[in-house]
Undergrad: 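Below is a structure I'd like to ask you about.
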Amino acid sequence: MDSRTFYQRVYRIVSEIPAGSVMTYGQIAFYAGKPRAARFVGRAMRLAPPGLPCHRVVGKNGALAPAEAFGGPGAQRALLEREGIAFLPGGRVNMKKHWLQG
DNA sequence: CGTCTGACGATGC
DNA sequence: GGCATCGCCAGAC
């Protein structure tokens with residue numbers, strides 16, 4: 001799988017996240033082969049192709065992506081809640097419950 | 001073509 | 001437990 005770029009590995013991993021679960025930038029970066037390239041996961045999301053469930057990618061503490069990235073405040077949250085993701089009072093994803101661990 | 005920035009996170013102090 | 005710094009390296013300017 002080394003003939004693909006880091007981004008494509010990221011896309012592959014993200015596309016395999018099941019509905020109702022989330023993964024963190026750092027974890028995805030780790031799986032993609034660059035444990036410290038969490039930033040690039042975010043960059044990959046920004047350049048993400050249509051159809052990629054990038055709303056299932058959150059920060060380590062459950063923080064969601066910038067609102068504008070999903071067309072407005074609450075958009076990502078709505079998508080996640082629709083998949084059964086539970087949120088904490090702080091507006092963050094309940095990682096304890098939905099974090100998809102390897 | 002040099003510099004700055006960035007959907008982040010680990011580490012050091 | 002909060003703040004500063006480094007790593008990652010592709011785009012924007």
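Per chain, numbering begins at 1; letters A, B, ... match sequence-line order. A quick note: this is a predicted structure, and the numbers were derived from the prediction, not measured.
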Undergrad: Touch check for A/F70, heavy atoms < 4.0 angstrom, all strands: base, sugar-phosphate only, or nothing?
TA: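 Base contact - A/F70 has a heavy atom under 4.0 Å of at least one base atom.
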Undergrad: In this structure, how many angstroms lie between the P atom of B/dT11 and the NZ atom of A/K60, rounded?
TA: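 Nearest whole value for this atom pair: 10 Å.
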Undergrad: Which whole-number value in Å describes the distance from A/N61 CG to B/dG9 P?
TA: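 That distance rounds to 7 Å.
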Undergrad: Taking pairing as Watson-Crick or G-U wobble with both contacts under 3.5 Å, can you name the mate of B/dC1, or confirm there isn't one?
TA: none
Undergrad: A/R36 has an atom CZ; how far is it from atom P of C/dC9, in whole Å?
TA: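 Between P of C/dC9 and CZ of A/R36: 12 Å.
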Undergrad: Please check if the side chain of A/R56 supplies one atom and the backbone of A/V22 the other of a donor-acceptor pair under 3.5 Å.
TA: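 Flag not set: sc A/R56 to bb A/V22 has no pair under 3.5 Å.
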Undergrad: What's the verdict on side-chain contact (heavy atoms from CB on, under 4.5 Å) for A/F40 and A/K34, showing C-alpha distance, side-chain angles and the deciding distance?
TA: CA-CA 9 Å; A/F40 287 91; A/K34 295 181 188 292; over 6 Å; no
Undergrad: Counting C-beta onward and ignoring hydrogens, is there a side-chain heavy-atom pair between A/Y25 and A/V57 closer than 4.5 Å?
TA: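 Side-chain contact under 4.5 Å: yes.
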Undergrad: Map A/Y7 and A/A38 onto DNA chain C by nearest heavy atom, then report which one ends up closer to the 5' terminus.
TA: A/A38
Undergrad: Separation of A/W99 atom CH2 from B/dG9 atom C1', in whole Å?
TA: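 From A/W99 CH2 to B/dG9 C1': 12 Å.
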Undergrad: Could a donor-acceptor pair under 3.5 angstrom be found where the side chain of A/R39 meets the base of C/dG7?
TA: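 Indeed, a donor on one side and an acceptor on the other fall under 3.5 Å apart.
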Undergrad: Quote, to the nearest angstrom, the P distance that separates C/dA10 from B/dA10.
TA: 22 Å
Undergrad: Within this structure, what is the CZ-to-P distance between A/F40 and B/dC8, rounded to whole angstrom?
TA: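 Going from A/F40 (CZ) to B/dC8 (P), I get 12 Å.
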Undergrad: How far, in whole Å, is B/dC8 from C/dG1 if one measures between their P atoms?
TA: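 It comes out at 22 Å once rounded to the nearest Å.
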Undergrad: Whole angstroms only, please: what is the NZ-C1' distance between A/K34 and B/dG9?
TA: 16 Å
Undergrad: Between A/P35 and A/R46, which is nearer to the 5' end of DNA chain B once each is assigned its nearest nucleotide?
TA: A/R46
Undergrad: In whole angstrom, give the distance that lies between atom CZ of A/F6 and atom P of C/dG7.
TA: 17 Å
Undergrad: So, does A/R92 use its side chain to make a donor-acceptor pair with the main chain of A/N61 at under 3.5 Å?
TA: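 Yes: the side chain of A/R92 pairs with the backbone of A/N61.
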Undergrad: Just do the side-chain contact (heavy atoms from CB on, under 4.5 Å) check on A/M23 and A/Y31 with the steps written out, would you?
TA: CA-CA 11 Å; A/M23 284 187 84; A/Y31 271 89; 4.3 Å; yes
Undergrad: In whole Å, what is the span from the CZ atom of A/R92 to the C1' atom of B/dC8?
TA: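 After rounding, the gap between these two atoms is 16 Å.
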Undergrad: By nearest heavy atom, map A/A37 and A/L47 onto DNA chain C; which one lands nearer the 5' end?
TA: A/A37
